[in-house]
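Treat the numbers as computed from the prediction; the structure is a model and nothing was measured. Keep in mind that the numbers below use all heavy atoms, side chains included, and drop hydrogens, waters and symmetry copies.
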Amino acid sequence: MTYWALNAVFLVPAAAVLVLALVRGSGWKGVTGRKGLLAALGITAAVLLALTAVFDNVMIAAGLFWYNAERISGAFIGSAPLEDFAYSLAAVLLLPALWMLLERRPKTTAAESTPSGAEPPPAPSPAANPEEKQ
């Protein structure tokens, strides 16, 4: 099995969960719409991939780990094979998608559930309940 095949096991489900979250439309309203969400994901991906490039190159140069040359594509960024960046990309796709899908919905109050322009029902006055001590 190549590293790209192994990466597909992580990337395909992560992308599918993100598409599901985007289709449901949950969570992106707080980030100024779908374009804002995609911009946030792009910035996050750029930062995380840059950090991955720096630290993976340092760890590979230090001899902490290596890759089987028969199982990589041969494309490198420094000493790190391109396949090494897939896990960072999977995190960028999956974690915000799960956040959006598992987000708690705010409870609707009586004032929010009234039709627009209608007055909310009046609050009960303390004198309305004779059994209650004042």
side-chain hydrogen bond (donor to acceptor under 3.5 Å, both in side chains) assessment of Asn7 paired with Tyr87: CA-CA 7 Å; Asn7 289 341; Tyr87 303 106; 3.2 Å; yes
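The closest side-chain heavy-atom distance from Leu38 to Lys35 is not below 4.5 Å. Taking 4.5 Å as the limit, some side-chain heavy atom of Val19 sits within range of a side-chain heavy atom of Val23. In this structure, Ile60 and Phe65 have side chains that are in contact, with non-hydrogen atoms separated by less than 4.5 Å.
Atom-to-atom distance recorded for Ser88:OG and Leu49:CG is 5.5 Å, nearest 0.5 angstrom. The CD atom of Glu83 sits 7.5 Å away from atom OG1 of Thr2, with the distance rounded to the nearest 0.5 Å. Leu37 contributes atom CG, which lies 7.0 Å from atom CG of Leu18 (distance to the nearest 0.5 angstrom).
Taking every heavy atom of both residues into account, Ala14 and Ala90 meet most closely at CB-O, 3.8 Å. Smallest separation of non-hydrogen atoms from Ala80 and Asp56: CB-CB, 4.1 Å. Considering every non-hydrogen atom in both Pro13 and Ala8, the closest pair reads CD-O, 3.7 Å.
In this structure, the side-chain contact (heavy atoms from CB on, under 4.5 Å) partners of Ala62, at least two apart in sequence or on a different chain, are Leu64. Applying the side-chain contact (heavy atoms from CB on, under 4.5 Å) criterion to Phe76, with sequence neighbours excluded, gives Ile72, Pro81.
With hydrophobic clusters built from ILVMFWY side chains whose heavy atoms lie under 4.5 angstrom apart, Phe85 shares a cluster with Trp4.
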Please tabulate, for side-chain N and O atoms in residues 91-101, each donor-acceptor pair with protein atoms closer than 3.5 Å (sequence neighbours left out).
none

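For Asp84 and Tyr3, the side-chain atoms include no donor-acceptor pair closer than 3.5 Å.
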